[in-house]
Amino acid sequence: MDRYLATWSDLGPAVRDYRTGAGLTQNDLARRAGVSRASVNAMENGTANPSGALIDKVLRALGLGIVLSPRPSADATMLSEILGEDS
């Protein structure tokens with residue numbers, strides 16, 4: 001499932017959703033990623049500004065990556081919401 005993150009603050013909740021969807025605890029993810037549970041917790045809760053290396057390790061452990069694409073325009077986003085379509 002693709003997920004569009006409008007801001008970096010959306011990253012933590014997305015990581016949490018993918019982690020729980022995979023049936024993993026924060027400890028499980030931390031072990032797979034080779035990072036501390038506290039780092040995973042801080043990332044998910046937005047209480048820290050994670051480094052690029054930490055983000056990479058956590059996303060790789062979840063089988064995820066970063067895809068760069070143009071932002072949807074406000075008009076296109078609003079139109080898809082009105083029509084009930086997924087962006």
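Worth saying up front: this structure is predicted, and the values here are computed from it rather than measured.
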**Study point:** Qualifying residues under salt bridge (Lys or Arg N to Asp or Glu O under 4.0 Å), relative to Asp10, sequence neighbours excluded
**Key:** none

**Study point:** Closest non-hydrogen atom pair between Ser9 and Pro13, with its separation
**Key:** O-CD, 3.4 Å

**Study point:** Set of residues satisfying side chain to side chain donor-acceptor pair (under 3.5 Å) with respect to Thr20, sequence neighbours excluded
**Key:** none

Check your understanding: Does Ala48 have any side chain to side chain contact (heavy atoms under 4.5 Å, CB included) partners at least two apart in sequence or in another chain, and if so, which?
Key -> Ala42

Point to revise | For Ala33, all residues meeting side chain to side chain contact (heavy atoms under 4.5 Å, CB included), sequence neighbours excluded | key: Val35, Lys57, Val58, Ala61

**Study point:** Atom of Gln26, atom of Arg37 and distance for their closest heavy-atom approach
**Key:** OE1-NH1, 3.0 Å

Exercise for review: Run the numbers on Leu59 and Val15 for side chain to side chain contact (heavy atoms under 4.5 Å, CB included), then give the verdict.
Suggested key: CA-CA 8 Å; Leu59 294 183; Val15 166; 4.3 Å; yes

Check your understanding: Quick one: CG on Leu29 to CG on Asn41, what's the gap to the nearest 0.5 Å?
Key -> 11.5 Å

Review point. What closest approach, in Å, do Leu54 and Pro50 show between heavy atoms, and which atom pair accounts for it?
Key: CD2-CB, 3.7 Å

Review point. From Ser51 OG over to Met43 CE, what is the distance, rounded to the nearest 0.5 angstrom?
Key: 7.5 Å

Exercise for review: Would you please name every residue forming a side chain to side chain donor-acceptor pair (under 3.5 Å) with Asp56, sequence neighbours left out?
Suggested key: Arg60

**Study point:** Listed partners of Arg32 passing salt bridge (Lys or Arg N to Asp or Glu O under 4.0 Å), at least two apart
**Key:** none

Practice item. Report the distance from atom CZ of Arg16 to atom CG of Leu24, rounding to the nearest 0.5 Å. Key: 14.0 Å

Check your understanding: Are Leu11 and Ile66 linked, directly or through other ILVMFWY residues, by side chains that come within less than 4.5 angstrom of each other?
Key -> yes

